[in-house]
Amino acid sequence: MLALITGAARGIGRAIALELAKSGFDIAVNYNSSEDAAESLVNEIKALGQAVGARREIAAAKFKADVSSQEQAVKLFKDVKAEMGAVSVLVNNAGITRDNLLMRMKFEEWQEVINANLNSVYYCVKEAIRDMAKARYGRIINIASVVGLIGNAGQANYAASKAGIIGFTKSIAREYASRGITANAIAPGFIATKMTEVLKDEIKAGIEAQIPAGHIGKPEDVANAVRFFASEQSAYITGQVLAVDGGMTMC
Ligand code: NAP
(Lines give C-alpha, C1' and ligand atoms only; values in the text may rest on other atoms or scores of the structure.)
Protein backbone atom coordinates (compact mmCIF):
# COMPACT_ATOMS: atom_id res chain seq x y z
CA MET A 1 0.00 0.00 0.00
CA LEU A 2 1.15 3.48 -0.83
CA ALA A 3 1.29 6.38 1.64
CA LEU A 4 1.78 9.97 0.49
CA ILE A 5 3.02 12.44 3.09
CA THR A 6 3.04 16.14 2.30
CA GLY A 7 5.97 18.17 3.59
CA ALA A 8 7.81 14.95 4.37
CA ALA A 9 11.44 16.02 3.96
CA ARG A 10 11.94 17.24 7.52
CA GLY A 11 10.45 17.58 10.98
CA ILE A 12 7.26 15.70 11.80
CA GLY A 13 6.66 14.68 8.16
CA ARG A 14 10.02 12.96 8.00
CA ALA A 15 9.33 10.97 11.19
CA ILE A 16 5.91 9.96 9.78
CA ALA A 17 7.46 8.79 6.51
CA LEU A 18 10.03 6.65 8.33
CA GLU A 19 7.45 5.18 10.71
CA LEU A 20 5.05 4.24 7.89
CA ALA A 21 7.93 2.76 5.89
CA LYS A 22 8.82 0.62 8.94
CA SER A 23 5.19 -0.56 8.93
CA GLY A 24 5.64 -1.72 5.33
CA PHE A 25 4.06 1.13 3.34
CA ASP A 26 5.60 2.35 0.12
CA ILE A 27 6.25 6.05 0.55
CA ALA A 28 5.70 9.04 -1.72
CA VAL A 29 7.72 11.90 -0.22
CA ASN A 30 6.34 15.32 -1.09
CA TYR A 31 8.64 18.30 -0.53
CA ASN A 32 8.63 21.92 -1.57
CA SER A 33 12.05 23.49 -0.94
CA SER A 34 14.02 20.78 0.93
CA GLU A 35 15.20 18.74 -2.05
CA ASP A 36 18.42 17.35 -0.53
CA ALA A 37 16.61 16.32 2.64
CA ALA A 38 13.90 14.63 0.54
CA GLU A 39 16.54 12.72 -1.44
CA SER A 40 18.32 11.50 1.69
CA LEU A 41 14.97 10.46 3.22
CA VAL A 42 14.13 8.42 0.11
CA ASN A 43 17.52 6.68 0.38
CA GLU A 44 17.00 6.04 4.07
CA ILE A 45 13.57 4.47 3.41
CA LYS A 46 14.94 2.27 0.63
CA ALA A 47 17.75 1.14 2.94
CA LEU A 48 15.14 0.24 5.57
CA GLY A 49 13.43 -1.97 3.04
CA GLN A 50 16.70 -3.68 2.18
CA ALA A 51 17.70 -4.18 5.81
CA VAL A 52 18.24 -7.74 6.99
CA GLY A 53 14.92 -9.18 8.10
CA ALA A 54 12.79 -6.75 6.10
CA ARG A 55 9.79 -8.54 4.67
CA ARG A 56 10.14 -6.90 1.27
CA GLU A 57 11.69 -3.93 -0.48
CA ILE A 58 10.02 -0.61 0.26
CA ALA A 59 9.46 1.68 -2.71
CA ALA A 60 10.10 5.37 -2.12
CA ALA A 61 10.35 8.39 -4.37
CA LYS A 62 10.33 12.14 -3.94
CA PHE A 63 7.89 14.55 -5.60
CA LYS A 64 8.33 18.31 -5.62
CA ALA A 65 5.12 20.31 -5.22
CA ASP A 66 3.97 23.41 -3.41
CA VAL A 67 0.69 22.03 -2.10
CA SER A 68 -0.67 25.54 -1.44
CA SER A 69 -1.15 25.68 -5.23
CA GLN A 70 -4.05 23.63 -6.58
CA GLU A 71 -2.30 23.25 -9.93
CA GLN A 72 0.80 21.77 -8.27
CA ALA A 73 -1.28 19.55 -5.97
CA VAL A 74 -3.14 18.13 -8.98
CA LYS A 75 0.17 17.47 -10.74
CA LEU A 76 1.59 15.87 -7.58
CA PHE A 77 -1.14 13.22 -7.51
CA LYS A 78 -0.85 12.65 -11.25
CA ASP A 79 2.92 12.14 -10.96
CA VAL A 80 2.60 9.89 -7.91
CA LYS A 81 -0.04 7.71 -9.61
CA ALA A 82 2.03 7.37 -12.78
CA GLU A 83 5.18 6.39 -10.87
CA MET A 84 3.89 4.52 -7.82
CA GLY A 85 0.15 3.85 -8.18
CA ALA A 86 -2.91 5.02 -6.27
CA VAL A 87 -2.57 6.50 -2.79
CA SER A 88 -4.18 4.48 0.03
CA VAL A 89 -2.94 6.61 2.92
CA LEU A 90 -2.75 10.39 2.68
CA VAL A 91 -1.05 12.34 5.45
CA ASN A 92 -1.58 16.08 5.13
CA ASN A 93 1.36 17.34 7.15
CA ALA A 94 2.71 20.37 5.25
CA GLY A 95 2.31 23.53 7.29
CA ILE A 96 3.74 26.95 8.05
CA THR A 97 3.43 29.71 10.64
CA ARG A 98 3.41 33.48 10.05
CA ASP A 99 2.84 34.66 13.61
CA ASN A 100 1.72 38.18 14.46
CA LEU A 101 -0.73 39.90 16.76
CA LEU A 102 -3.96 40.53 14.91
CA MET A 103 -3.50 44.30 14.84
CA ARG A 104 -0.19 43.83 13.02
CA MET A 105 -1.17 40.83 10.93
CA LYS A 106 -1.09 41.61 7.23
CA PHE A 107 -3.68 40.02 4.99
CA GLU A 108 -0.80 38.31 3.11
CA GLU A 109 0.24 36.58 6.37
CA TRP A 110 -3.34 35.42 6.88
CA GLN A 111 -3.70 34.23 3.31
CA GLU A 112 -0.33 32.48 3.09
CA VAL A 113 -1.11 30.39 6.17
CA ILE A 114 -4.64 29.52 5.04
CA ASN A 115 -3.33 28.54 1.62
CA ALA A 116 -0.46 26.38 2.91
CA ASN A 117 -2.24 24.78 5.87
CA LEU A 118 -5.92 24.53 4.93
CA ASN A 119 -6.42 24.95 1.19
CA SER A 120 -3.64 22.39 0.63
CA VAL A 121 -5.67 19.83 2.57
CA TYR A 122 -8.72 20.46 0.40
CA TYR A 123 -6.63 20.17 -2.79
CA CYS A 124 -4.91 16.94 -1.74
CA VAL A 125 -7.98 15.17 -0.36
CA LYS A 126 -9.93 16.07 -3.52
CA GLU A 127 -7.22 14.38 -5.60
CA ALA A 128 -6.92 11.32 -3.36
CA ILE A 129 -10.56 10.58 -2.64
CA ARG A 130 -11.71 9.21 -6.01
CA ASP A 131 -9.21 6.33 -6.02
CA MET A 132 -9.90 5.62 -2.36
CA ALA A 133 -13.66 5.50 -2.99
CA LYS A 134 -13.09 3.19 -5.96
CA ALA A 135 -10.93 0.90 -3.82
CA ARG A 136 -13.45 1.21 -0.96
CA TYR A 137 -10.45 1.77 1.27
CA GLY A 138 -8.54 4.80 2.42
CA ARG A 139 -6.91 6.51 5.36
CA ILE A 140 -6.78 10.29 5.54
CA ILE A 141 -4.76 11.73 8.39
CA ASN A 142 -4.60 15.49 8.78
CA ILE A 143 -2.04 17.14 11.01
CA ALA A 144 -3.84 19.92 12.87
CA SER A 145 -2.58 21.47 16.13
CA VAL A 146 -3.71 22.01 19.71
CA VAL A 147 -3.79 25.68 18.67
CA GLY A 148 -6.77 24.76 16.45
CA LEU A 149 -8.54 23.51 19.60
CA ILE A 150 -7.70 26.18 22.15
CA GLY A 151 -6.39 29.16 20.13
CA ASN A 152 -3.16 31.06 20.73
CA ALA A 153 -2.41 34.77 20.94
CA GLY A 154 -0.31 35.78 17.94
CA GLN A 155 -1.49 32.83 15.85
CA ALA A 156 -5.03 33.76 14.72
CA ASN A 157 -4.20 32.77 11.14
CA TYR A 158 -2.58 29.46 12.16
CA ALA A 159 -5.35 28.63 14.67
CA ALA A 160 -8.03 29.32 12.05
CA SER A 161 -6.27 27.09 9.52
CA LYS A 162 -5.94 24.24 12.03
CA ALA A 163 -9.51 24.58 13.33
CA GLY A 164 -10.59 24.54 9.67
CA ILE A 165 -8.72 21.27 9.17
CA ILE A 166 -10.64 19.76 12.08
CA GLY A 167 -14.06 20.74 10.67
CA PHE A 168 -13.03 19.53 7.22
CA THR A 169 -11.81 16.20 8.64
CA LYS A 170 -15.07 15.55 10.48
CA SER A 171 -17.14 16.41 7.39
CA ILE A 172 -15.27 14.11 5.02
CA ALA A 173 -15.27 11.41 7.70
CA ARG A 174 -19.08 11.56 7.59
CA GLU A 175 -19.20 11.69 3.77
CA TYR A 176 -16.95 8.68 3.21
CA ALA A 177 -17.38 6.41 6.25
CA SER A 178 -19.60 4.03 4.28
CA ARG A 179 -16.89 3.62 1.62
CA GLY A 180 -14.23 2.23 3.94
CA ILE A 181 -12.41 5.55 4.16
CA THR A 182 -11.53 7.01 7.54
CA ALA A 183 -10.46 10.60 8.14
CA ASN A 184 -8.87 11.61 11.42
CA ALA A 185 -6.90 14.58 12.67
CA ILE A 186 -3.94 14.67 14.98
CA ALA A 187 -3.40 17.77 17.08
CA PRO A 188 0.23 17.93 18.18
CA GLY A 189 1.19 20.13 21.09
CA PHE A 190 4.74 21.50 21.11
CA ILE A 191 7.06 19.26 19.16
CA ALA A 192 10.80 19.86 18.72
CA THR A 193 11.27 20.78 15.03
CA LYS A 194 12.43 23.78 13.00
CA MET A 195 8.96 25.27 13.51
CA THR A 196 9.48 25.51 17.27
CA GLU A 197 13.27 25.93 17.49
CA VAL A 198 12.83 29.65 16.73
CA LEU A 199 11.13 30.12 20.13
CA LYS A 200 13.21 31.82 22.82
CA ASP A 201 14.39 29.65 25.74
CA GLU A 202 12.19 31.46 28.28
CA ILE A 203 9.11 30.89 26.06
CA LYS A 204 10.03 27.20 25.74
CA ALA A 205 10.40 26.98 29.53
CA GLY A 206 6.95 28.61 29.93
CA ILE A 207 5.44 26.09 27.51
CA GLU A 208 7.07 23.15 29.28
CA ALA A 209 5.56 24.35 32.56
CA GLN A 210 2.08 23.93 31.00
CA ILE A 211 2.73 20.35 29.85
CA PRO A 212 1.79 17.71 32.43
CA ALA A 213 4.38 15.36 30.89
CA GLY A 214 6.96 18.06 31.67
CA HIS A 215 8.69 18.23 28.32
CA ILE A 216 8.26 19.15 24.65
CA GLY A 217 7.40 16.22 22.36
CA LYS A 218 9.40 14.54 19.59
CA PRO A 219 8.33 14.12 15.93
CA GLU A 220 8.23 10.37 16.61
CA ASP A 221 5.45 10.90 19.18
CA VAL A 222 3.24 12.21 16.37
CA ALA A 223 4.43 9.54 13.93
CA ASN A 224 3.36 6.79 16.34
CA ALA A 225 -0.21 8.12 16.35
CA VAL A 226 -0.18 8.40 12.55
CA ARG A 227 0.92 4.77 12.27
CA PHE A 228 -2.20 3.70 14.16
CA PHE A 229 -4.59 5.83 12.08
CA ALA A 230 -2.90 4.54 8.91
CA SER A 231 -3.37 0.92 9.91
CA GLU A 232 -6.24 -1.46 9.32
CA GLN A 233 -6.67 -1.69 13.11
CA SER A 234 -8.19 1.82 13.17
CA ALA A 235 -11.02 0.88 10.76
CA TYR A 236 -13.84 1.75 13.20
CA ILE A 237 -12.37 5.11 14.22
CA THR A 238 -13.19 8.14 12.08
CA GLY A 239 -13.76 11.86 12.50
CA GLN A 240 -11.60 11.95 15.62
CA VAL A 241 -9.07 14.50 16.80
CA LEU A 242 -6.23 13.00 18.81
CA ALA A 243 -4.10 15.43 20.78
CA VAL A 244 -0.47 14.35 21.01
CA ASP A 245 0.56 16.96 23.53
CA GLY A 246 1.84 15.44 26.76
CA GLY A 247 -1.53 16.17 28.35
CA MET A 248 -1.46 19.91 27.64
CA THR A 249 -5.06 20.33 26.46
CA MET A 250 -7.09 17.32 27.61
CA CYS A 251 -10.16 18.56 25.72
P1 NAP B 1 8.73 22.15 9.89
O2 NAP B 1 9.89 21.45 10.51
O3 NAP B 1 8.78 23.62 9.71
O4 NAP B 1 8.38 21.43 8.51
C5 NAP B 1 7.35 21.91 7.70
C6 NAP B 1 7.25 21.03 6.50
O7 NAP B 1 6.14 21.50 5.71
C8 NAP B 1 8.49 21.08 5.62
O9 NAP B 1 8.79 19.77 5.22
C10 NAP B 1 8.04 21.91 4.42
O11 NAP B 1 8.59 21.49 3.18
C12 NAP B 1 6.56 21.60 4.38
N13 NAP B 1 5.80 22.63 3.68
C14 NAP B 1 5.49 23.88 4.11
N15 NAP B 1 4.79 24.51 3.17
C16 NAP B 1 4.66 23.64 2.12
C17 NAP B 1 4.03 23.74 0.86
N18 NAP B 1 3.40 24.84 0.49
N19 NAP B 1 4.08 22.66 0.03
C20 NAP B 1 4.72 21.53 0.41
N21 NAP B 1 5.34 21.40 1.61
C22 NAP B 1 5.31 22.45 2.45
O23 NAP B 1 7.40 21.91 10.74
P24 NAP B 1 6.90 20.67 11.61
O25 NAP B 1 6.97 21.08 13.01
O26 NAP B 1 7.51 19.39 11.16
O27 NAP B 1 5.34 20.73 11.20
C28 NAP B 1 4.68 19.71 10.47
C29 NAP B 1 3.18 19.87 10.68
O30 NAP B 1 2.88 19.73 12.07
C31 NAP B 1 2.65 21.25 10.29
O32 NAP B 1 1.38 21.11 9.71
C33 NAP B 1 2.53 21.97 11.60
O34 NAP B 1 1.58 23.00 11.58
C35 NAP B 1 2.13 20.83 12.51
N36 NAP B 1 2.38 21.08 13.92
C37 NAP B 1 3.65 21.25 14.40
C38 NAP B 1 3.84 21.49 15.76
C39 NAP B 1 5.19 21.67 16.36
O40 NAP B 1 5.25 22.00 17.55
N41 NAP B 1 6.28 21.49 15.64
C42 NAP B 1 2.74 21.56 16.60
C43 NAP B 1 1.47 21.39 16.08
C44 NAP B 1 1.30 21.14 14.74
P45 NAP B 1 9.99 22.05 2.54
O46 NAP B 1 10.99 22.10 3.68
O47 NAP B 1 10.31 21.06 1.50
O48 NAP B 1 9.70 23.41 1.98
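Keep in mind it's a predicted model, so treat the numbers as computed, not measured. Just follow the structure's listing: the first ligand is 1, and inside any ligand the first atom is 1. Residues take their numbers from the sequence shown, with the count starting at 1.
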Atoms of ligand 1, numbered as shown, that sit under 4.0 Å from any heavy atom of Gly95 | 5 (C), 7 (O), 14 (C), 31 (C), 32 (O)
What are the atoms of ligand 1, with element, lying closer than 4.0 Å to any heavy atom of Lys162?
-> 31 (C), 32 (O), 33 (C), 34 (O)
What is the nearest protein non-hydrogen atom to atom 19 (N) of ligand 1, stated with its residue, atom name and distance?
-> Val67 N, 3.0 Å
Can you figure out which of Asn115, Val222, Asp66 has its heavy atom closest to atom 18 (N) of ligand 1?
-> Asp66
Heavy atom under 4.0 Å from ligand 1: found in Ala187's side chain, backbone, both, or neither?
-> neither
Is there side-chain contact between Lys64 and Tyr31, with heavy atoms separated by less than 4.5 Å?
-> yes
Pick whichever of Thr6, Asn117, Asn93, Asp245 has a heavy atom sitting closest to atom 32 (O) of ligand 1.
-> Asn93
Which atoms from ligand 1 have a heavy atom of Thr196 less than 4.0 Å away?
-> 39 (C), 40 (O), 41 (N)
Can you tell me if Gly189 has a non-hydrogen atom under 4.0 Å from ligand 1?
-> yes
If you compare Gly11, Gly13, Gly7, Ala65 by their heavy atoms, the one closest to atom 20 (C) of ligand 1 turns out to be Ala65
What are the atoms of ligand 1, with element, lying closer than 4.0 Å to any heavy atom of Tyr31?
-> 47 (O)
Please identify which atoms of ligand 1 are closer than 4.0 Å to at least one heavy atom of Lys194.
-> 2 (O)
Would you say the side-chain atoms of Asn30 pair up with the backbone N or O of Gly7, donor to acceptor, closer than 3.5 Å?
-> yes
Is a side-chain donor or acceptor of Asp221 paired with a backbone partner of Lys218 at a separation under 3.5 angstrom?
-> yes
Looking only at distance, does Ile96 have an N or O less than 3.5 Å from an N or O of ligand 1?
-> no
The closest protein heavy-atom partner of atom 3 (O) of ligand 1 is Arg10 NH1, 3.2 Å
Interatomic distance, CD1@Ile114 vs CD1@Ile96, rounded to 0.5 Å, equals 10.0 Å
Mark yes or no for whether Ser161, through its side chain, and Leu118, through its backbone, hold a donor-acceptor pair below 3.5 Å.
-> no
Counting from 1 in the order shown, the ligand 1 atoms closer than 4.0 Å to a non-hydrogen atom of Ser33 are 45 (P), 46 (O), 47 (O), 48 (O)
Give yes if a backbone or side-chain nitrogen or oxygen of Phe190 is under 3.5 Å from a nitrogen or oxygen of ligand 1, and no if not.
-> no
What part of Asn30, side chain from CB on, backbone N/CA/C/O, both or neither, has a heavy atom under 4.0 Å from ligand 1?
-> side chain
How far is atom 26 (O) of ligand 1 from its nearest protein heavy atom, and which residue and atom name does that atom have?
-> Ile12 N, 2.8 Å
Around atom 16 (C) of ligand 1, find the nearest protein heavy atom and jot down its residue, atom name and distance.
-> Ala94 CB, 4.0 Å
In this structure, atom 43 (C) of ligand 1 is nearest to the protein heavy atom Pro188 O, 3.4 Å
Identify the closest protein heavy atom to atom 11 (O) of ligand 1: which residue and atom is it, and at what distance?
-> Asn32 N, 4.1 Å
Return the minimal non-hydrogen interatomic distance between Leu242 and Ala225, and the atom names on each side.
-> CD2-CB, 3.9 Å
Does Ile143 offer a backbone N or O that forms a donor-acceptor pair with the side chain of Asn93 under 3.5 Å?
-> no
Is there a side-chain contact between Glu127 and Leu76, using heavy atoms and a 4.5 Å cut-off?
-> no
Counting N and O atoms only, with roles assigned by atom type, does the side chain of Asp26 sit under 3.5 Å from a partner on the main chain of Met84, one being a donor and the other an acceptor?
-> no
Between Ser34 and ligand 1, is there a nitrogen or oxygen pair with a distance under 3.5 Å?
-> yes
Do you know which two heavy atoms are closest between Ser68 and Tyr123, and how far apart they sit?
-> O-CE1, 3.4 Å
Looking only at distance, does Thr193 have an N or O less than 3.5 Å from an N or O of ligand 1?
-> yes
Return yes if some donor-acceptor pair links the side-chain N/O of Gln72 with the main-chain N/O of Asp66 below 3.5 Å, else return no.
-> yes
May I ask you to test the Ser120-Thr6 pair for a side-chain heavy-atom distance under 4.5 Å?
-> no
For residues Leu2 and Val80, report the shortest heavy-atom separation together with the two atoms involved.
-> CD2-CG1, 3.7 Å
Could you tell me which non-hydrogen atom of Thr97 sits nearest to which non-hydrogen atom of Val113, and how far apart they are?
-> C-CG2, 4.2 Å
Report the part of Ala144 in contact with ligand 1, treating N, CA, C, O as backbone and CB onward as side chain, heavy atoms under 4.0 Å; options are side chain, backbone, both, neither.
-> backbone
The answer for which part of Ile191 has a heavy atom under 4.0 Å from ligand 1 is both
Using a strict 4.0 Å cut-off to heavy atoms of Tyr158, name the atoms of ligand 1 that fall inside it.
-> 33 (C), 34 (O), 35 (C), 36 (N), 43 (C), 44 (C)
Any side-chain donor near an acceptor of the partner, Asn92 and Asn142, under 3.5 Å = yes
